[in-house]
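Order of the sequence lines sets the chain letters (A, B, ...), proteins ahead of strands, with each chain counted from 1.
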Amino acid sequence: MASPKIKNIMNSEAIERSITRLAHEILERNHGADKLMLIGILSRGEPLAKRLQSLIQKISGTKTPIGFLDITFHRDDFRDRLVVPQVKGTDINDPIDGKIIVLVDDVLFTGRTIRAAMDELNAFGRPQKIQLAVLVDRGHREIPIKADFVGNNIPTHEGEHIKVLVKEIDNKDGVQLTQSRN
Amino acid sequence: MNFSKLKKQVILKGGKILDPLANTIKKGDILIQEGKIKAIGKVKSNKSVQTIDCKNLIVTHGFCDLHAHFREPGREDKETLESGSMAALAGGFTRVCVMPNTNPPIDSPEVIRYIVDRSDECPVYIHPIGAITKGQEGKELTEMGAMLAEGAVAFSDDGLPVTDSAMMRNALDYGTMFDIPIINHAEDLCLKQDGVMHEGIVSTNLGLLSSPDLTESNMVHRDLSLTNLTGGRLHVPHVSSAKSLDHIRFSKKNNDKITAEVTPHHLFFTDNDLQGFDTNLKVAPPIRTIADQKALVKAVKDCTLDCIATDHAPHTIEEKEGTFDLAPFGMIGLESCFGAVNKVLVKENDMDQLSLIQMLTTKPRAIMGFNNKLFDIGVNAELTIIDPKEEWVFSRKDIQSRSHNSPFIGQNMYGRIKYTINKGHISVI
Amino acid sequence: MKHRHLLGLKDYPAADIKTIIDTAFSFKEVLERPIKKVPSLNGKTIVNLFFENSTRTRISFELAQKRLSADTVNFSASTSSLKKGETFKDTAQNLEAMKIDAVVMRHPTPGAALHLTKHIDAIIINAGDGTHEHPTQAILDMTSLHEKFGYLEGLKIAIIGDISHSRVALSNIYGLKTMGAEVTLCGPATLIPPFIEDLGVSVNYNVDEVIEWADALNVLRIQRERMRGGLLPSIREYRNLFGITTERLSKHKKELVIMHPGPMNRGVEIDSAVADSDQAIILNQVLNGVASRMAILYLLLGGKFEEGKD
């Protein structure tokens, strides 16, 4: 089998700049940090959400509340395949009613993950607004979901995959485009 | 019999001290001070000391009976714990285990406690054997744990067999937690029906309803098998038949948790002796043939049988006076025990004196876990003094029990109890 | 998961038990949410087939099923109205005809759950078959122990009570041994099955020695029928010899976890004060029961195991 070709699209500095811009955009769109709450979608949404939290604090002085979602149980493809949930699991300790929730994820692709996340969020309460921040949008939506804050638009073809690396999990930061050749 | 308090100092002088634990017979004196053994060996007499001349007499441990019926509570007309104690002392016994078929039966910790408390007042140590099933009905186990805590030493439904095999199994199984003997009166009541004596030529000649030896041996076999299955401890009471002995002998080869006892009357009499329809010879299990008697003697000598136990069973004159079929089963046996077994085993069958004494002292005590170190300095004096060769005839005046149902009256005895010392008192027989 | 059904824990793989326990912890979080529901088993139909009364187990399963958005149907049959053998098969085939996905069954006869697998195609979960196995109870017990201690291997667990008539005991023995724990049984000799040591457990009739040795006690219920069966003299005797009483525990100055599958006979096998103390995790067991049953249903009805993609 031919080995996949890997192309580095973003490096560590590029990612840092994108996230910083995202933090400013979130504050700008919402006129400040009031009522904001960040919710990272496991697994790589977690460290990204934490970075956003600390940047937002640096800029605005406010430490926004933060939570994490494991969307395994709300996946819509559970009939076809079974996923063993990560040991970490969902962790939302602050009430979400009336808040402006910013969902944070690494890659936006079909949109099904975000749909599952919003579905799960229903079990915790009724936010005032839900917005979406992603590091990479690679297109190919299968349901009507759009991101409010995007770090980088990277159009892809079938057979291509985007992999985001974060130093908290993968020991380095980076965005890779992988092409698998048959 | 003269029963009195021991003087402060008593010397047993010049006797043959037979120590069944150390296996020795040595001439010597014993000094008893305030009821306890003070010195053994050569003790000087003086005027202030009571001296008992034990020349040519055997001084040994007080006897221990594993099987007696003292009828209290319920039938104090037949026997009480006190009168039973007197009968025991007359027979050289200082320790007796009593069976629970009283009225009410000894089937709860409360009744055990009653017997233990009453025993403190008696001149003999009396140990209650608790019933296996409540009311001896064979349906529910008694509270063995609680009864042991109050002083029970073993469990038996004696008088009655544990007919339900599952119940016998449960009793043995439950008993493994405490390591105490389960004693089953082995008698298949279905086979026995209305039998009043051993089934054989004699019963046919007498026209009495009878039961075969299988009545006992089948159930003994069952009990031995269940003991092997459960890992429990079994003590077979009043073995009467050669067939039972065969089963016991076989099982004992591989299982050291099996013991067995024999009564004086099964060694002394045979079914021939019932020709006169003497109701005092009506016992359960019945007295069997000469062949069975010979087998019992052999089993005593080869240690298939571990000890002698009297199955002392008092009944009133009125009850025993009736016709053979109506009379209750049982005879008294404490007073006549030694004279009878000593004659059969030592005089007539070459058993050595020490071994016989062990069957009345150390062996029964070991089965119940009682102290056997009765010649230790400082221990409470629990002794009996015997003339091993005296020939005498057992008579009514030798009986101390409240009841008199003994077929030994008029029989020749060999060996006689002279004194019994226990709990600070001395009985002069 | 290796096995399609959950009939018992004998020879059940350790890896699968671990998977169930890990999944159970995730479901426990779901049970803390304001809206306690996930859509994972939406559209699946599960029948609770209870031939024996057991309100607690049935409710626990029902809650688990509903929290997973499955459809549940309850079928309570009385054994007196069933002749053994034939009608059981009819019942099973009627269910099959209605196109159900899984059956949770409790039956008084050992082997009944296995028997059911021969007649219908649905996934079978054994909720207790006579005095044989009760695997979901053992799993929730192990989940509770894992939650309390953080591990199972090398833990010393004592099971106290009527072992012979307890399916809880047998499943716990199989499961705990598979996960590397040590097990000692304690109870009246008449209520401990013969040859049980062959399963790799110890037997000790001295409950004080057992308390000294153990990290946790699993206290089983004593049934009054045992006295009529000639196996136990009285409640009083049982309590004296084996009761987990405040008095007995105070003699041992040690950290000890107390468990009970319920329902409890307060004052018999366990004192009220002990059951309500901080050492007891009995109510945790109940909550873990729902969570672990959710995990079992999720893992068995989900299909095959695969890594997920977004």
More than 12 non-hydrogen atoms from neighbouring residues, nucleotides or ligands closer than 6.0 Å to CZ on B:Arg222, yes or no?
yes
Answer key: most heavy-atom pairs under 4.5 Å with chain C among B:Lys139, B:Met167, B:Met147, B:Met144 is B:Met144
Does the pair C:Arg236/B:Glu110 count as a salt bridge with the N-to-O cut at 4.0 Å?
yes
Is it the case that atom CG in C:Asn53 sees more than 12 heavy atoms from other parts of the structure closer than 6.0 Å?
no
Is it the case that over 12 heavy atoms from other parts of the model lie below 6.0 angstrom from the CZ atom of B:Arg118?
yes
Are there over 12 heavy-atom neighbours, none belonging to C:Tyr151, within less than 6.0 Å of that residue's OH?
yes
With respect to chain C, which residue among B:Ala146, B:Ala149, B:Ala171 yields the maximal number of heavy-atom pairs within a distance under 4.5 Å?
B:Ala146
Given a strict heavy-atom distance threshold of 4.5 Å, which part of C:Leu241 is in contact with chain B: side chain, backbone, both, or neither?
side chain
Backbone N/O of C:Pro233 and side chain of B:Lys134: donor-acceptor pair under 3.5 Å:
yes
Side-chain donor-acceptor contacts of residues 173-180 of chain B below 3.5 Å, not counting sequence neighbours, with atom names and distances?
from, atom 1, to, atom 2, distance (Å)
B:Tyr174, OH, C:Glu237, OE2, 3.0
B:Thr176, OG1, B:Asp173, O, 2.5
B:Asp179, OD1, B:Arg233, NE, 3.3

To the nearest 0.5 Å, how far apart are CG in B:Asn170 and CG in C:Leu231?
4.5 Å
Mark yes when over 12 heavy atoms from residues, nucleotides or ligands other than C:Glu247 sit less than 6.0 Å from its CD; otherwise mark no.
no
Determine whether more than 12 heavy atoms belonging to other residues, nucleotides or ligands lie under 6.0 Å from atom CG of C:Leu283.
no
With a strict 4.5 Å heavy-atom criterion, list every residue of residues 96-107 of chain B that contacts chain C, or say none.
none
Might you confirm whether atom NZ of C:Lys10 has over 12 heavy atoms from other residues, nucleotides or ligands at distances under 6.0 Å?
no
